[in-house]
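Just so we're clear, the structure is a prediction, and the values are computed from it rather than from any experiment. When reading the values below, keep in mind they use all heavy atoms of this one structure, side chains included, and skip hydrogens, waters and symmetry mates. Start at 1 with the first residue, then count along the sequence.
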Amino acid sequence: MSNYPFEIVSLVRKKTFSVEARFSEPENSHPLEIMGSKFSRFVFTIISDGKAVSANIPIELLPDMRSRADYAMARQMTIENHQGTQGNSPAFTTQFRFGALAGKTPAQVLSEDPDGRNKLAGQYNLLQQQLAKYPANQQLMDAITDAFNQDPASLKAKNIQPFSASLLNIGCRPLVRKKRPDGFCPCYEVSACWNSTKTYPVTVTIQRYYAPVITTNTGTLNVQVARKERATAETEQFSMSASDWLYVVRQMEASRNLFEMLHAKEAFNNAVKMDMAARQSYQPQPVPEQHPEELPIMEPQAEAVLPPAEADSELDFAI
């Protein structure tokens with residue numbers, strides 16, 4: 001028997017990332033919603049060294065997550081396809097792995113930075129000095145040389161810029177049902193971003209901490225993040241491939257669709273029953289009778305007479 005029956009995704013690296021589908025039916029007044037948005041949610045969890053941090057993802061955010069994932073993947077494929085058209089040119093395909101230029105290719109440095117040639121020359125000298133100790137430096141040195149040999153006029157046109165994109169961003173959410181006597185509540189934040197320069201471009205970040213929460217006169221919750229407890233603050237990150245993230249979104253959509261299909265018949269039957277009950281219980285309000293003496297007296301209106309020009313134009317129009 002599984003200890004995690006609602007789990008729909010589990011990615012295991014040095015850390016573990018999982019997604020659970022926690023759905024509920026809607027309140028009786030809106031059966032065709034099929035899924036109750038108040039309590040239905042996905043739960044993201046990152047486990048590291050035996051400690052777990054979790055965050056709720058509202059079901060309503062799923063369409064937005066799909067659109068953002070498709071947009072980021074399309075841009076990622078554009079970069080990869082463009083790099084493929086450069087053939088074996090290392091200036092466009094070899095990236096710096098460390099330092100201020102990390103994640104960039106020599107071609108990007110030349111096309112983006114007016115001082116790029118000097119920066120690359122400096123990097124070349126540093127790599128050359130350490131070549132005996134790190135033979136792999138030769139690959140990047142060749143890429144820098146190849147960039148210097150490119151036509152400067154067409155270099156920028158050939159280069160497609162890397163990008164970063166937000167896939168998910170949920171600000172501070174307090175769990176007021178777990179408020180401590182001192183007014184502090186457990187809070188969480190969760191985000192996912194896409195960085196095309198990384199081997200694992202998608203990074204999910206979950207933050208958990210305690211912070212004071214004040215209920216205003218209008219009933220809204222005011223989380224005082226500036227006063228959060230540093231001692232209870234936790235931040236965990238999990239990096240994954242583009243394919244992993246697309247699989248996560250696909251599993252979330254599949255579980256939602258499955259829940260809706262399983263409950264659709266019951267929901268429609270309930271909607272029909274509620275509609276029939278409402279019709280049968282409807283009692284039209286009687287219209288009060290008015291006696292002749294209570295009826296308003298209408299003044300006779302003079303008949304409107306059109307001027308000859310208007311009468312002619314109307315006749316011509318009719319013909």
Side-chain angles (χ1 to χ4, degrees), residues 1-12 16-47 52-73 166-179 185-192 202 204-206 208 219-221 238 240 242-283:
M1 181 179 295
S2 173
N3 293 326
Y4 308 99
F6 295 102
E7 188 174 86
I8 58 175
V9 173
S10 179
L11 303 177
V12 181
T16 299
F17 173 80
S18 68
V19 182
E20 288 185 313
R22 298 279 184 169
F23 300 150
S24 64
E25 297 181 45
E27 297 178 358
N28 293 332
S29 58
H30 300 93
L32 288 186
E33 288 182 358
I34 301 181
M35 184 176 295
S37 60
K38 185 175 182 180
F39 297 106
S40 293
R41 67 201 185 280
F42 296 99
V43 182
F44 281 11
T45 301
I46 299 176
I47 303 174
V53 292
S54 300
N56 295 330
I57 312 299
I59 191 73
E60 307 88 50
L61 294 184
L62 187 51
D64 181 73
M65 292 175 62
R66 162 55 65 188
S67 297
R68 291 174 180 271
D70 289 344
Y71 167 79
M73 190 61 191
S166 173
L167 302 173
L168 175 68
N169 190 6
I170 298 178
C172 181
R173 298 290 180 92
L175 302 174
V176 293
R177 294 181 180 180
K178 299 181 179 180
K179 180 184 288 189
C185 291
C187 305
Y188 66 86
E189 300 179 29
V190 58
S191 64
V202 179
V204 177
T205 303
I206 300 177
R208 294 293 295 259
T220 58
L221 299 176
F238 188 91
M240 65 184 76
S243 298
D244 288 336
W245 181 252
L246 293 180
Y247 175 73
V248 168
V249 176
R250 184 265 174 198
Q251 287 295 92
M252 294 169 70
E253 290 175 325
S255 61
R256 176 205 59 189
N257 295 342
L258 179 61
F259 184 92
E260 291 177 341
M261 287 188 292
L262 289 174
H263 291 271
K265 182 178 180 180
E266 179 186 359
F268 274 94
N269 289 338
N270 289 339
V272 171
K273 292 178 182 179
M274 292 173 62
D275 182 66
M276 292 296 296
R279 291 174 182 271
Q280 293 173 0
S281 63
Y282 174 71
Q283 295 181 355

Test side chain to side chain contact (heavy atoms under 4.5 Å, CB included) on Met65 and Ile57; report intermediate values, then the result.
CA-CA 11 Å; Met65 292 175 62; Ile57 312 299; 4.1 Å; yes
Side chain to side chain contact (heavy atoms under 4.5 Å, CB included) between Met35 and Ile59, worked out:
CA-CA 9 Å; Met35 184 176 295; Ile59 191 73; 3.5 Å; yes
To the closest 0.5 Å, what do you measure between NE2 (His263) and CD1 (Ile34)?
9.5 Å
One thing to verify: whether Arg66 and Glu253 come together as a salt bridge, which I'm taking to mean a side-chain N less than 4.0 angstrom from a carboxylate O.
yes
With the side chain counted from C-beta on, respond yes when Arg177 and Pro186 share a heavy-atom pair under 4.5 Å apart, and no when they do not.
no
For the atom pair CD (Glu260) and CD (Glu33), what is the distance rounded to the nearest 0.5 Å?
11.0 Å
List for me each residue that meets ring pair (Phe, Tyr, Trp, His ring centres under 6.0 Å) alongside Phe42, sequence neighbours excluded, and say none if there are none.
Phe23
How about Phe17 and Asp244: do any of their side-chain heavy atoms sit closer than 4.5 Å?
no
Using modelled atom types only, decide if a donor and an acceptor are shared between the side chain of Arg41 and the backbone of Phe39 within a distance under 3.5 Å.
yes
Side chain to side chain contact (heavy atoms under 4.5 Å, CB included), that's the test. Do Ser191 and Asn169 meet it? Break it down for me.
CA-CA 4 Å; Ser191 64; Asn169 190 6; 4.2 Å; yes
For Ala271, what residues pass the side chain to side chain contact (heavy atoms under 4.5 Å, CB included) criterion, not counting sequence neighbours?
Pro31, Leu32
Do side-chain atoms of Arg68 reach the backbone of Ser166 as a donor and acceptor pair under 3.5 angstrom?
yes
Backbone N/O of Ile8 and side chain of Gln251: donor-acceptor pair under 3.5 Å:
yes
Thr16 (side chain) donor-acceptor with Val12 (main chain) under 3.5 angstrom:
no
Run the side chain to side chain contact (heavy atoms under 4.5 Å, CB included) check on Leu167 and Val202 step by step: do they pass?
CA-CA 9 Å; Leu167 302 173; Val202 179; 3.8 Å; yes
Any donor-acceptor N/O pair, Ser54 side chain to Thr45 backbone, under 3.5 Å:
no
Separation between CE (Met276) and NZ (Lys273), nearest 0.5 Å, reads 12.0 Å
